[in-house]
Amino acid sequence: MAAAVQIVFTEEELLETIYRAEIEQNVKFVKHRKKGSSVSTGDINSLTGFRVRFEDPQHSLSVFPSVPYNGVPFIIFNTETYECHQGPQRGEHLEEEKMTEDHSYQSHSRKKIQTTKKRECPAKLKVRRVIKFPEYKIIGEPTQRKKRTLSEKLKQEFSQQTEKELLIHLYIAAESDHKNHLLGEMAGFNQPIDKRVICRIKELASSGHRNVASVKIILEDWIHKEISPEAAKSNRRFFSSNNDIRNHIYHAVVGSNLRSAHEDQMSLRKMVESLKQSNPKDKYLFRPASSDGEDVTSMLLVLQTNFQQRLLERYGEITLMDATYKTTKYEIPLYNLCVQTNVGFFIVASFFLSTDTKNSVQEALEVLKRWNSSWKPKHFMCDFDVKEIGAIESTFKDTTVLLCDFHRDRAWQRWLNSSDIPNKSDIVKQLREIASAETEEAYHFLVETMKKSTSYIKNEKFRNWLDKKWLRQEKRWAFT
């Protein structure tokens, strides 16, 4: 297939044309950049910011054809650029420094053999949307004055009822433009799964089909009849692996809509009651989520064994609270309270919340405080999270909330990696030196040194982040 420009007149035709090109080249194009309006062409209600044109000659660097003069004014609504899914790597993916000295109770992520599928493929697909206004066609000689007057009139009178004609130019790269990755039938192994296949899997799962083998048989028949009779079984876009099918069935069954269902909460209630009977010395509290008119009650589950109570009583003078997100099977936060014993860190209590707010966290801490009357922590360590800090200080009036070194360093690195500030490693090194300063004089000297650095002086974003977020809370993370 050679590179070509096609013209279509509806969004449906555009999607179908892109889909046919992907099937023909056995690739997937992903949207990279969009210039111009982000609303749909049917929702545009003003021409403010648009240039009204009467012709558009083809530029030497443009892949799009010219729009010749025929008297009808038009605007270039927007342009979009799609890249091959194995195109350039976008964004900075700086690997965070590995810290293993803390939080030995946390599970580590699996080793990534291949960090990215990107192969710097230069192939692109480009879209340009042109909207014409035939009601305002110039009659007679096209003088500059007529064009200017008609343009002003169009902008003033434009509304959603104005007659519009959509013209979409679509440039599709040639198959030979794809470089540095597999082509032809072998390219199917790296394809992402088609959204229609995912929707079909979820439909089957919702209707009761939970067996991977049976879903796979139904999918193969459906794909050959409804999508592409010629699709090769090596094409992962249509013929998913057993693991992919299993994952999508799982998400359909235990998705967010089913998670709070009445029957699931009843099952959890029965499980908690069973645990109470088999372990009468352990502590369990479960309150299901409910809604009664305007009153909405969030779900709360608090767990603590008798052994955990003894550990908290003995070692709870310094307690660490750590919340995990996107690491459990359910999209609700799991909070763990941990203490350092003579043989390492141990979890001494856990609680789940359906609403992650200060009041919810405080409510769970109040339950644990009631269960452990002798527990009076002098220091609490947590993430730099306002709701966590507020909940702890409201529950334990005499405790001092400190920031965990692990979370502090991770917060620094995440923020710096997401910014365009240079010398990131040097900044992290300076921040660690400030945090470990043993005297107030050393602390203030290092802070002043940081403020005299080029990164601080020339970057307002960094100054605001350091001054307003971290230096105001120095008592929580600095050694002094």
Side-chain angles (χ1 to χ4, degrees), residues 96 99 101-107 283 285-287 289 296-304 308-309 311-312 315-328 330-340 345-372 375-416 418 431 435 465-479:
E96 293 182 2
M99 290 175 280
E101 66 273 12
D102 290 330
H103 294 225
S104 57
Y105 60 87
Q106 291 184 324
S107 61
K283 301 289 186 180
L285 183 146
F286 172 62
R287 183 189 64 205
V296 178
T297 304
S298 61
M299 188 210 75
L300 175 63
L301 175 62
V302 188
L303 313 167
Q304 188 180 41
Q308 288 176 323
Q309 281 187 287
L311 288 179
L312 183 60
Y315 300 104
E317 186 172 319
I318 300 177
T319 307
L320 168 68
M321 183 166 73
D322 186 31
T324 61
Y325 298 86
K326 299 181 181 179
T327 57
T328 61
Y330 302 97
E331 294 180 5
I332 56 177
L334 164 63
Y335 282 82
N336 289 316
L337 296 189
C338 309
V339 296
Q340 187 172 22
F345 282 100
F346 273 85
I347 295 175
V348 291
S350 302
F351 56 90
F352 291 89
L353 306 171
S354 61
T355 56
D356 193 18
T357 63
K358 171 183 174 292
N359 291 337
S360 298
V361 176
Q362 183 178 344
E363 183 182 12
L365 290 175
E366 293 285 359
V367 172
L368 291 169
K369 182 181 179 182
R370 189 169 62 249
W371 286 350
N372 304 270
W375 176 40
K376 301 187 186 301
K378 291 184 178 179
H379 301 284
F380 236 103
M381 301 188 73
C382 67
D383 196 359
F384 200 167
D385 189 299
V386 175
K387 69 174 180 299
E388 292 182 18
I389 295 172
I392 295 169
E393 291 181 337
S394 298
T395 306
F396 303 96
K397 305 295 184 182
D398 299 326
T399 194
T400 301
V401 181
L402 304 174
L403 300 185
C404 168
D405 290 352
F406 173 84
H407 287 125
R408 180 202 65 202
D409 276 28
R410 189 168 63 173
W412 288 343
Q413 293 191 21
R414 281 182 174 173
W415 189 87
L416 289 169
S418 66
L431 288 171
W465 175 76
L466 182 64
D467 293 343
K468 296 180 180 180
K469 182 169 184 177
W470 291 98
L471 296 184
R472 285 183 180 179
Q473 300 286 341
E474 60 184 36
K475 65 177 183 178
R476 299 195 189 279
W477 58 272
F479 182 79

Exercise for review: Side-chain contact test, heavy atoms from C-beta onward, threshold under 4.5 Å: evaluate it for Gln362 versus Leu365 and give yes or no.
Suggested key: no
Review point. CG/Leu311 to SG/Cys338 distance, rounded to the nearest 0.5 angstrom?
Key: 11.0 Å
Check your understanding: Does any N or O in the side chain of Thr324 come within less than 3.5 Å of the main-chain N or O of Leu334, such that one atom is a donor and the other an acceptor?
Key -> yes
Practice item. Hey, could you give me the CH2/CG distance between Trp412 and Leu431, rounded to the nearest 0.5 Å? Key: 4.5 Å
Check your understanding: Taking only residues two or more places apart in sequence, or in another chain, which ones meet Ala411 in a side chain to side chain contact (heavy atoms under 4.5 Å, CB included)?
Key -> Trp470
Exercise for review: Please name the pair of heavy atoms, one in Val339 and one in Gly316, separated by the smallest distance, quoted to 0.1 Å.
Suggested key: CG1-CA, 3.9 Å
Point to revise | Intermediate values then yes/no, side-chain contact (heavy atoms from CB on, under 4.5 Å), Leu312 and Leu337 | key: CA-CA 9 Å; Leu312 183 60; Leu337 296 189; 5.6 Å; no
**Study point:** Spacing of Lys387 atom NZ and Ile392 atom CD1 [to the nearest 0.5 Å]
**Key:** 11.0 Å
Check your understanding: Got a donor-acceptor contact below 3.5 angstrom from the Gln308 side chain to the Ile347 backbone?
Key -> yes
**Study point:** Euclidean distance, Leu471 CG relative to Trp465 CH2, rounded to 0.5 Å
**Key:** 9.5 Å
Practice item. Taking all heavy atoms of Met299 and all of Phe286, pick out the closest pair and write down the distance. Key: CG-CE1, 3.8 Å
**Study point:** Counterpart residues, side chain to side chain donor-acceptor pair (under 3.5 Å), relative to Asp383 (two or more places apart)
**Key:** none
Review point. Hey, is the main chain of Ile318 close enough, under 3.5 Å, to the side chain of Gln340 for a donor-acceptor pair?
Key: no
Point to revise | Any Cys382 side-chain heavy atom under 4.5 Å of Val401 side chain | key: yes
Check your understanding: Stepwise, does the side-chain contact (heavy atoms from CB on, under 4.5 Å) test hold for Val348 with Tyr315?
Key -> CA-CA 10 Å; Val348 291; Tyr315 300 104; over 6 Å; no
Practice item. Apply side-chain contact (heavy atoms from CB on, under 4.5 Å) to the pair Trp375 and Phe396, showing each step before the final yes or no. Key: CA-CA 10 Å; Trp375 176 40; Phe396 303 96; 3.5 Å; yes
**Study point:** Residue pair Glu388, Arg476: steps toward the salt bridge (charged side-chain N to carboxylate O under 4.0 Å, His left out) verdict
**Key:** CA-CA 13 Å; Glu388 292 182 18; Arg476 299 195 189 279; over 6 Å; no
Point to revise | Partners meeting side chain to side chain contact (heavy atoms under 4.5 Å, CB included) with Glu317 (sequence neighbours left out) | key: Lys378
Revision key, fill the gap. What one should report as the nearest heavy-atom pair of Ser298 and Ser354 is CB-OG, 3.3 Å
Point to revise | Side chain to side chain, Phe351 and Val367, heavy atoms closer than 4.5 Å | key: no
Point to revise | Residue list, side chain to side chain contact (heavy atoms under 4.5 Å, CB included) with Lys475, at least two apart or on another chain | key: none
Check your understanding: When you check the side-chain N and O atoms of His407 and Asp322, is any donor under 3.5 Å from an acceptor?
Key -> yes
**Study point:** Side chain Ser418, main chain Arg414, donor-acceptor under 3.5 Å
**Key:** yes
Review point. Gln304 and Asn372: side-chain contact (heavy atoms from CB on, under 4.5 Å), yes or no, with the steps?
Key: CA-CA 10 Å; Gln304 188 180 41; Asn372 304 270; 3.0 Å; yes
Exercise for review: Flag the pair Met321 / Val361 as yes when at least one side-chain heavy-atom distance between them is below 4.5 Å, and no otherwise.
Suggested key: yes
**Study point:** Residue pairs fulfilling salt bridge (charged side-chain N to carboxylate O under 4.0 Å, His left out) with at least one residue in residues 357-370, sequence neighbours excluded
**Key:** Arg287-Glu363
Practice item. Measure the CG-CG distance between Asp409 and Leu403 for me, rounded to the nearest 0.5 Å. Key: 11.0 Å
Exercise for review: Only counting residues at least two apart or in another chain, list the ones meeting side chain to side chain contact (heavy atoms under 4.5 Å, CB included) with Lys397.
Suggested key: none
Check your understanding: What are the two closest heavy atoms between Ala364 and Leu300, and how far apart are they?
Key -> CB-CD1, 4.0 Å
Point to revise | Spacing of CD belonging to Gln473 relative to CZ belonging to Phe384, to within rounding of 0.5 Å | key: 4.5 Å
